[in-house]
Amino acid sequence: MWPDQNTQSYALTERARRVFAGGSTRLLAWLDPYPIYLSRGEGAYVHDVDGNPYFDLTNNFASLIHGHAHPRIVAAVTERVALGTCFTLPTPADVELAELLLQRLEGADKIRFLNSGTEAVMMAIRAARAYTGRPMIAKVEGAYHGMYDHAEISLDSNPDTWGQTPKSVSYSHGTPEAVLADTLILPFNDVEGAEAALKEHADRLAGVLIDPVPATCGMIPATPEYLAMLRRLCDELGAVLIFDEVVSFRYGYQGAQGVFGGDPDLTTIAKIIGGGFPVGAIAGKAEVMAVFDHSHGKPLAPASGTFSANPVSMVAGKASMEMLDPEAFAHLQRLGDHARDVIEQAIRDSGFVGQVTGVGSNFLIHPHVRHITDYRSAWRAPAEHKRMKALQHGMLKQGVFMAGTGSGFISTVTATKDLDHFGAALAKVMADLTRLH
């Protein structure tokens, strides 16, 4: 069993090292000393190539809200694949999923499909610039918005680089200075500080990009006062307010904006709207979405893709979203509440120094007890990172797979007994780590 070297996963890793830089084609799939290779998934569980089952609390980082191989999604995809997987021309499935999503996003009039959350954010930034004629995008310090230069600025800033007030810090080596200059970094949930920064750059500001519940800022919601300030400032300054709901769309029937408000001009969504297949979308108010309108020639912001709105993702997404009725979201909330309860109990029983935050069906375990208000208070020192990795590894040996960050994303097919088992295993691993430290 992992991490022994006499496993099929180890053998596959050795093969992968010969073809992938770093030994894996996905950054977040890596585990030290080597990743576990999976053979199949069913419901709330996955099975590795050596035959070991794991209770899956990652669900492909929040995209599998109905778990693995849900029969209704499998049936929809199987029927669709036999008819063709992608075409140059559209299919009825495009329109059907678009109609369903727009019915839930009350402030959105139009939508456009893409292939990932990263693409959706890229196109939202492009739309804001095309609509305003300005270059600068503002984002929250530490917030993750996909693998794109402007979206990644200050993603992993630290006490050595972040300065007294938030500033633009490159994430990837070789990031052009122009990218840093055109990305304004805001303090999260600091109304006065963020407002001052936005007003200072009013003449260059195209848009403000905000995740209503950024996991990298502690998985705590933006305050109503903060969201109201962003809406007011964007109106005053003529900028575009963009909600990144790639993850947070799973928080309610109308997404996070239905729970927390905010009234964005554009919303990016992905993950759960594809039913386990690659997907992304940008939705928004008609006047802003008009920058994509190609019906009268070249649009202000061209946007297309070979696999955008492919019928497999569309039918899988429709099946996934149709199952997510208000009752399903209430069920997910109960599961999320129970997960956070068992985590808190495990912390108390084990003496582990930590806490848990989260919203809806998501949770995040922290290896400290600091009061969390933003990225800086949630930021983890190297020793804290090491404790979380040890926690993840210990849980794997207990048959539970959760992210190395301590995050979990619960699916509708999760049973209460699964979460109870998770809590018991967590208490054991936390107790072991507490004794070691």
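We're numbering straight along the sequence, starting at 1.
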Colleague: For residues Cys217 and Ile372, report the shortest heavy-atom separation together with the two atoms involved.
Modeller: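 Looking at all heavy atoms of both residues, the closest pair is O-CG2, 3.8 Å.
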
Colleague: Regarding Tyr144 and Asp211, is there a side-chain donor-to-acceptor distance under 3.5 Å anywhere?
Modeller: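 Not at all, the side chains of Tyr144 and Asp211 share no donor-acceptor pair under 3.5 Å.
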
Colleague: Could you tell me whether the side chain of Arg129 and the main chain of Gly133 form a donor-acceptor pair under 3.5 Å?
Modeller: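 Checking the backbone N and O of Gly133 against the side chain of Arg129, no donor-acceptor pair under 3.5 Å is found.
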
Colleague: List the atom of Ile272, the atom of Ser320, and the distance in Å for their closest heavy-atom pair.
Modeller: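 Answer, listing the atom of Ile272 first, then Ser320: O-OG, 3.1 Å.
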
Colleague: Glu322: what forms a side chain to side chain contact (heavy atoms under 4.5 Å, CB included) with it, not counting sequence neighbours?
Modeller: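 In terms of side chain to side chain contact (heavy atoms under 4.5 Å, CB included), with neighbours along the sequence ignored, Glu322 is linked to Arg72, Leu100, Lys318.
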
Colleague: List the atom of Ile242, the atom of Ala128, and the distance in Å for their closest heavy-atom pair.
Modeller: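 Taking every non-hydrogen atom into account, CD1-CB, 4.2 Å.
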
Colleague: How long is the straight-line distance from OH of Tyr45 back to CG of Leu38, given to the nearest 0.5 Å?
Modeller: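 Between Leu38 CG and Tyr45 OH, I get 14.5 Å after rounding to 0.5 Å.
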
Colleague: Is any side-chain heavy atom of Leu101 closer than 4.5 Å to a side-chain heavy atom of Met321?
Modeller: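 Contact flag for Leu101/Met321 side chains = yes.
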
Colleague: The criterion is ring pair (Phe, Tyr, Trp, His ring centres under 6.0 Å); which residues satisfy it with His368, sequence neighbours excluded?
Modeller: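 His368: ring pair (Phe, Tyr, Trp, His ring centres under 6.0 Å) contacts with His366.
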
Colleague: Less than 4.5 Å apart, side chain to side chain, heavy atoms only: is that true for Val259 and Val359?
Modeller: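 When only atoms from C-beta onward are counted, Val359 and Val259 do not touch, as no gap falls below 4.5 Å.
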
Colleague: Is the backbone of Ser157 close enough, under 3.5 Å, to the side chain of Tyr375 for a donor and an acceptor to pair up by distance?
Modeller: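 Side chain of Tyr375 to backbone of Ser157: a pair is present.
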
Colleague: Can you tell me how far apart CG (Asn6) and CE (Met1) are? Round to the nearest 0.5 Å.
Modeller: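 If I round to the nearest 0.5 Å, the distance is 12.5 Å.
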
Colleague: Restricting to non-hydrogen atoms, name the atom on Leu335 and the atom on Ser411 that form the minimum distance, rounded to 0.1 Å.
Modeller: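 In terms of heavy atoms, the two residues are closest at CD1-O, 3.6 Å.
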
Colleague: Nearest 0.5 Å, please: how far is OG1 in Thr357 from CD1 in Ile220?
Modeller: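 Separation between the atoms: 7.5 Å.
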
Colleague: Would you compute the distance between atom CG of Leu186 and atom CG of Leu209 and round it to the nearest 0.5 angstrom?
Modeller: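 Separation between the atoms: 10.0 Å.
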
Colleague: Any sub-3.5 Å donor-acceptor pair from Gln8's side-chain atoms to Val49's backbone N or O?
Modeller: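 Side chain of Gln8 to backbone of Val49: a pair is present.
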
Colleague: Could you walk me through whether Thr13 and Trp30 pass side-chain contact (heavy atoms from CB on, under 4.5 Å), step by step?
Modeller: CA-CA 10 Å; Thr13 299; Trp30 184 260; 4.2 Å; yes

Colleague: Could you give the distance from CD (Gln355) to CD1 (Ile347), rounded to the nearest 0.5 Å?
Modeller: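 The CD1 atom of Ile347 is 7.5 Å from CD of Gln355, to the nearest 0.5 Å.
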
Colleague: I'd like to know if the side chain of Lys139 and the backbone of Ile153 have a donor-acceptor N/O pair within less than 3.5 Å.
Modeller: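 Yes, the answer is positive, given that a donor and an acceptor are paired below the 3.5 Å cut-off.
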
Colleague: In terms of heavy-atom contacts, does NE2 of His294 have more than 12 from other residues, nucleotides or ligands at under 6.0 Å?
Modeller: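 No, the 6.0 Å shell around NE2 holds no more than 12 heavy atoms from other groups.
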
Colleague: Sub-3.5 Å donor-acceptor pair from the side chain of Ser172 to the main-chain atoms of Thr175, do we have one?
Modeller: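 Side chain of Ser172 to backbone of Thr175, a donor-acceptor pair under 3.5 Å: no, none is there.
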
Colleague: How would you list, by chain and number, every residue that makes a side chain to side chain contact (heavy atoms under 4.5 Å, CB included) with Ala303, sequence neighbours excluded?
Modeller: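 Once residues adjacent in sequence are excluded, the partners of Ala303 under the side chain to side chain contact (heavy atoms under 4.5 Å, CB included) criterion are Arg112, Met123, Phe292.
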
Colleague: So do the side chains of Gln398 and Phe55 get within less than 4.5 Å of each other, counting heavy atoms only?
Modeller: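 The answer is no, as the side chains (C-beta and beyond) never meet within the 4.5 Å cut-off.
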
Colleague: Mind checking what makes ring pair (Phe, Tyr, Trp, His ring centres under 6.0 Å) contact with Tyr148, not counting sequence neighbours?
Modeller: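 Partners of Tyr148 under the ring pair (Phe, Tyr, Trp, His ring centres under 6.0 Å) test: His150.
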
Colleague: For a quick check under 3.5 Å, do Asn310 and Ser313 share a side-chain donor-acceptor pair by atom type?
Modeller: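 Ser313 and Asn310 do have a side-chain donor-acceptor pair below 3.5 Å.
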
Colleague: Tell me, please, which residues at least two apart from Ala93 pass side chain to side chain contact (heavy atoms under 4.5 Å, CB included).
Modeller: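 Checked Ala93 against side chain to side chain contact (heavy atoms under 4.5 Å, CB included); matches are Thr91, Met314, Val315.
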
Colleague: Keeping to residues at least two apart or across chains, list the side-chain hydrogen bond (donor to acceptor under 3.5 Å, both in side chains) pairs with something in residues 332-343.
Modeller: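 side-chain hydrogen bond (donor to acceptor under 3.5 Å, both in side chains) check on residues 332-343 returns Gln333-Asp337, Asp337-Arg340, His338-Asp420.
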
Colleague: Please enumerate all residues that pass side chain to side chain contact (heavy atoms under 4.5 Å, CB included) together with Glu106, with sequence neighbours excluded.
Modeller: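 Applying side chain to side chain contact (heavy atoms under 4.5 Å, CB included) to Glu106 gives Gln254.
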
Colleague: Could you note down all residue pairs passing ring pair (Phe, Tyr, Trp, His ring centres under 6.0 Å) where residues 392-422 supplies at least one of them, sequence neighbours left out?
Modeller: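 Counting only pairs at least two positions apart or across chains, the ring pair (Phe, Tyr, Trp, His ring centres under 6.0 Å) contacts touching residues 392-422 are Trp2-His393, Phe363-Phe422.
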
Colleague: So does Tyr37 have more than 12 non-hydrogen atoms from other groups sitting under 6.0 Å from OH?
Modeller: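 Yes, enclosed.
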
Colleague: Starting from the C-alpha separation in whole Å, work towards a yes-or-no answer on side-chain contact (heavy atoms from CB on, under 4.5 Å) for Leu391 and Val429.
Modeller: CA-CA 7 Å; Leu391 183 65; Val429 174; 3.7 Å; yes

Colleague: Going by salt bridge (charged side-chain N to carboxylate O under 4.0 Å, His left out), name the residues that satisfy it together with Glu384, two or more places apart in sequence or in a different chain.
Modeller: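 Listed in chain order: Arg370.
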
Colleague: Kindly say whether Ala290 contributes a backbone atom to a donor-acceptor pair with the side chain of Lys110 at under 3.5 angstrom?
Modeller: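 No, because the side chain of Lys110 does not come within donor-acceptor range (under 3.5 Å) of the backbone of Ala290.
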
Colleague: Working to the nearest 0.5 angstrom, can you tell me the gap between Thr216 OG1 and Trp379 CH2?
Modeller: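 Interatomic distance, Thr216 OG1 to Trp379 CH2, rounded to 0.5 Å: 14.0 Å.
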
Colleague: What I'd like to find out is whether the side chain of Ile111 reaches to under 4.5 Å of the side chain of Ile282, using heavy atoms alone.
Modeller: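 Heavy-atom side-chain distance check fails, nothing below 4.5 Å.
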
Colleague: Does any part of the side chain of Asp293, heavy atoms only, come nearer than 4.5 Å to the side chain of Pro299, both counted from C-beta?
Modeller: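 A side-chain contact is absent here, since even the closest heavy-atom pair is not under 4.5 Å.
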
Colleague: Applying side-chain contact (heavy atoms from CB on, under 4.5 Å) to Asp182 and Arg204, what does each step give before you reach the verdict?
Modeller: CA-CA 8 Å; Asp182 284 336; Arg204 301 183 65 241; 2.4 Å; yes

Colleague: Within the distance-only criterion (no hydrogens, no angle test), does the side chain of Ser407 pair as donor or acceptor with the backbone N or O of Leu364 below 3.5 angstrom?
Modeller: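 No.
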
Colleague: Could you pull out the closest heavy-atom pair between Val279 and Ala270, with the gap in Å?
Modeller: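 Looking at all heavy atoms of both residues, the closest pair is O-CB, 3.4 Å.
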
Colleague: Do the non-hydrogen side-chain atoms of Leu205 and Leu233 ever get within less than 4.5 Å of each other?
Modeller: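 Side-chain contact under 4.5 Å: no.
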
Colleague: State, yes or no, whether a side-chain contact exists between Tyr226 and Val140 at a heavy-atom distance under 4.5 Å.
Modeller: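 They are in contact (side-chain heavy atoms under 4.5 Å apart), so the answer is yes.
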
Colleague: If a pair satisfies salt bridge (charged side-chain N to carboxylate O under 4.0 Å, His left out) and one of its residues is in residues 16-39, list it, with sequence neighbours excluded.
Modeller: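 Found Glu14-Arg17.
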
Colleague: So, Tyr34 and Thr7: side-chain donor and acceptor under 3.5 Å apart, yes or no?
Modeller: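 Yes, side-chain donor-acceptor contact under 3.5 Å.
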
Colleague: For Gln257 and Thr267, which I'm curious about, is there any donor-acceptor pair between the side chains at under 3.5 Å?
Modeller: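 Side-chain D/A pair, Gln257 to Thr267: present.
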
Colleague: Excluding sequence neighbours, so at least two apart, what forms salt bridge (charged side-chain N to carboxylate O under 4.0 Å, His left out) with Glu42?
Modeller: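 With sequence neighbours excluded, Glu42 shows a salt bridge (charged side-chain N to carboxylate O under 4.0 Å, His left out) to Arg40, given in chain and number order.
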
Colleague: Are Arg387 and Phe352 side-chain neighbours, meaning at least one heavy-atom pair lies under 4.5 Å?
Modeller: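 Heavy-atom side-chain distance check passes, below 4.5 Å.
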
Colleague: How about His66 and Thr412: does a side-chain donor come under 3.5 Å of a side-chain acceptor?
Modeller: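 Side chains of His66 and Thr412: pair found under 3.5 Å.
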
Colleague: From the options Thr268, Ile210, Ile269, select the one residue that forms a side-chain contact (heavy atoms from CB on, under 4.5 Å) with Asp244.
Modeller: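 With Asp244 as partner, side-chain contact (heavy atoms from CB on, under 4.5 Å) holds for just one option, Thr268.
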
Colleague: Return the set of residues passing salt bridge (charged side-chain N to carboxylate O under 4.0 Å, His left out) with Asp265 (not counting sequence neighbours), or none when no residue passes.
Modeller: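 Result, salt bridge (charged side-chain N to carboxylate O under 4.0 Å, His left out) vs Asp265: Arg231, Lys285.
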
Colleague: Donor-acceptor check, side chain of Ser377 to backbone of Thr373, threshold 3.5 angstrom: yes or no?
Modeller: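 Checking the backbone N and O of Thr373 against the side chain of Ser377, a donor-acceptor pair under 3.5 Å is found.
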
Colleague: With no hydrogens and no angle check, is any side-chain donor or acceptor of Thr414 less than 3.5 Å from a backbone partner on Ala44?
Modeller: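 Between the backbone of Ala44 and the side chain of Thr414 there is no qualifying donor-acceptor contact (under 3.5 Å).
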
Colleague: Mark yes or no for whether Asn189, through its side chain, and Thr223, through its backbone, hold a donor-acceptor pair below 3.5 Å.
Modeller: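 It does hold such a pair.
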
Colleague: Indicate the atoms forming the closest heavy-atom contact of Ala239 with Thr132, along with that distance.
Modeller: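 Smallest interatomic distance, heavy atoms only, reads CA-CG2, 4.4 Å.
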
